[in-house]
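Numbers for residues simply follow the sequence, beginning at 1.
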Amino acid sequence: TTTAFVVRPETASLLRWSSVGALPPEGKVLEAPEPSRVGVLTHPLVMALHAHENDSNPVARGHFVSGKLLCVEVPPPPDVVVFPDRGNEANKTLRQVIEQVHSVKACAGCHALMDPFGFPFEIFDAIGRLRGTDRGLPIDESGAITGTKEIDGPVENVHTLVTRVAGSARAHTCFTERAFKYIAGEVDEDTLACRTEGFARAFAGGGGRIPDLFVEIVSSETFLRRR
């Protein structure tokens, strides 16, 4: 949930952060001049990776948080999936279009585990710039966390969402398991939770420092004795 980022001249120009002044080519660690810029989830790179070329994508952003960071099981999509096209709907925000399309029974169940996570990120456009309107209409940045049992409930904005996710045991456990699977090539789901429980506790106890988690994994007997 840090508000400090390495800001390079190109990044400052892209985000229109004129208040940061002159920066060296290699960048400088600065406090973000935007209160909503909290943690790596609000980094412009993360926002742009989970967006369309010319528009945001709250579904993809929400699925990243629920599926990748909280390990919420979202059923696979049907064979043919078409992202809602708002076309020339000048009187609707993208959120309003998505909510209308995904309210039908065939879509609602799965999208309830993704869309509410992504709506708070609508304050960031396709390249991660902060915005207050979508096609001239005010943005509703409220959302919800669903499917976790631990931290479920409404969130008023992206700051609330990120803070609640970052402080949850489920996020620490989920990230640890995914990190171990990636680093160790571990695919045995039946034993994964048992083998990573200690790492997850250390990760949470150490303040969620990702480099420390990686070192803990690669220096462990579990990793060194893997087959």
Side-chain angles (χ1 to χ4, degrees), residues 1-21 23 27-70 74 77 81-103 107 111-145 154-166:
T1 56
T2 181
T3 57
F5 296 85
V6 175
V7 182
R8 295 179 174 84
E10 298 85 356
T11 307
S13 175
L14 178 72
L15 299 180
R16 301 168 182 160
W17 286 359
S18 58
S19 62
V20 301
L23 296 169
K28 183 178 180 181
V29 177
L30 297 171
E31 287 289 320
E34 301 164 346
S36 298
R37 195 74 65 172
V38 182
V40 67
L41 290 181
T42 65
H43 193 285
L45 175 61
V46 176
M47 291 291 91
L49 281 173
H50 300 91
H52 295 295
E53 182 178 353
N54 297 312
D55 210 344
S56 63
N57 188 337
V59 179
R61 290 170 176 177
H63 193 197
F64 175 70
V65 178
S66 67
K68 300 298 185 183
L69 301 182
L70 292 170
V74 179
V81 176
V82 178
F83 189 81
D85 180 14
R86 58 176 166 177
N88 296 319
E89 291 266 17
N91 62 334
K92 289 184 179 180
T93 64
L94 180 58
R95 172 177 183 153
Q96 290 171 326
V97 173
I98 288 175
E99 286 181 322
Q100 180 180 354
V101 174
H102 292 168
S103 64
C107 304
H111 280 279
L113 300 174
M114 299 182 286
D115 300 1
F117 290 86
F119 289 141
F121 295 102
E122 277 296 272
I123 60 171
F124 300 109
D125 67 11
I127 58 174
R129 283 187 304 217
L130 186 67
R131 60 180 181 173
T133 61
D134 178 14
R135 291 197 172 181
L137 300 172
I139 290 175
D140 177 2
E141 57 180 303
S142 65
I145 295 175
V155 295
E156 59 183 340
N157 51 40
V158 73
H159 188 284
T160 307
L161 174 73
V162 171
T163 301
R164 194 181 300 175
V165 169

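In terms of modelled atom types and a separation under 3.5 Å, the side chain of Ser13 and the main chain of Glu10 share no donor-acceptor contact. Judged by distance alone, with hydrogens and angles left aside, the side-chain atoms of Ser66 form a donor-acceptor pair with the main-chain N or O of Leu113 at under 3.5 Å. A distance-only check finds a donor-acceptor pair linking the side chain of Thr163 to the backbone of His159 [under 3.5 Å].
Closest approach of Pro58 to Ile98, counting heavy atoms only: CG-CD1, 3.4 Å. Across all their heavy atoms, Val74 and Met114 have their closest contact at CG1-SD, 3.9 Å. The shortest non-hydrogen separation linking His102 to Asp115 is ND1-OD2, 2.7 Å. In plain terms, the two heavy atoms of Pro120 and Pro116 that are nearest each other are CD-O, 3.3 Å. Here the closest heavy-atom approach between residue Ala51 and residue Ser56 is recorded as CB-CA, 4.1 Å. Between Val155 and Ala144, the shortest heavy-atom contact is CG2-N, 3.6 Å.
Under a cut-off of 6.0 angstrom, the local environment of NE2 in His63 is crowded, with over 12 non-hydrogen atoms contributed by other residues, nucleotides or ligands.
Put simply, CD1 on Ile139 and CG on Leu94 are 9.5 Å apart, with the number rounded to the nearest 0.5 Å. The structure places CD of Glu141 at 9.5 Å from CZ of Arg95, a figure rounded to the nearest 0.5 Å. Once rounded to the nearest 0.5 Å, the distance linking CZ of Arg61 with CG of Leu49 reads 10.0 Å.
When side chains are defined from C-beta on, Asn157 counts as touching Thr160, because their heavy atoms get closer than 4.5 Å. In this structure the side chain of Trp17 never reaches within 4.5 angstrom of the side chain of Leu30, judged on heavy atoms. The closest side-chain heavy-atom distance from Asp134 to Glu122 is below 4.5 Å. Side-chain contact between Phe124 and Leu130 is present, with heavy atoms from C-beta onward closer than 4.5 Å. In this structure, Phe117 and Val165 have side chains that are not in contact, with every pair of non-hydrogen atoms separated by 4.5 Å or more. Counting heavy atoms from C-beta on, the side chains of Ile145 and Leu161 come closer than 4.5 Å. Counting only heavy atoms from C-beta outward, the side chains of Thr93 and Asp140 never approach each other to under 4.5 Å. The side-chain heavy atoms of Lys28 and Val20, taken from C-beta on, include no pair separated by under 4.5 Å.
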Q: Evaluate the criterion side chain to side chain contact (heavy atoms under 4.5 Å, CB included) for residue pair Glu34 and Thr42; output intermediate values, then yes/no.
A: CA-CA 11 Å; Glu34 301 164 346; Thr42 65; over 6 Å; no
**Q.** Leu69 vs Leu41, side chain to side chain contact (heavy atoms under 4.5 Å, CB included): CA-CA, chis, key distance, verdict
**A.** CA-CA 10 Å; Leu69 301 182; Leu41 290 181; 3.5 Å; yes
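Side-chain contact of Asn57 with His50: a donor-acceptor pair under 3.5 Å is absent, judged by distance alone.
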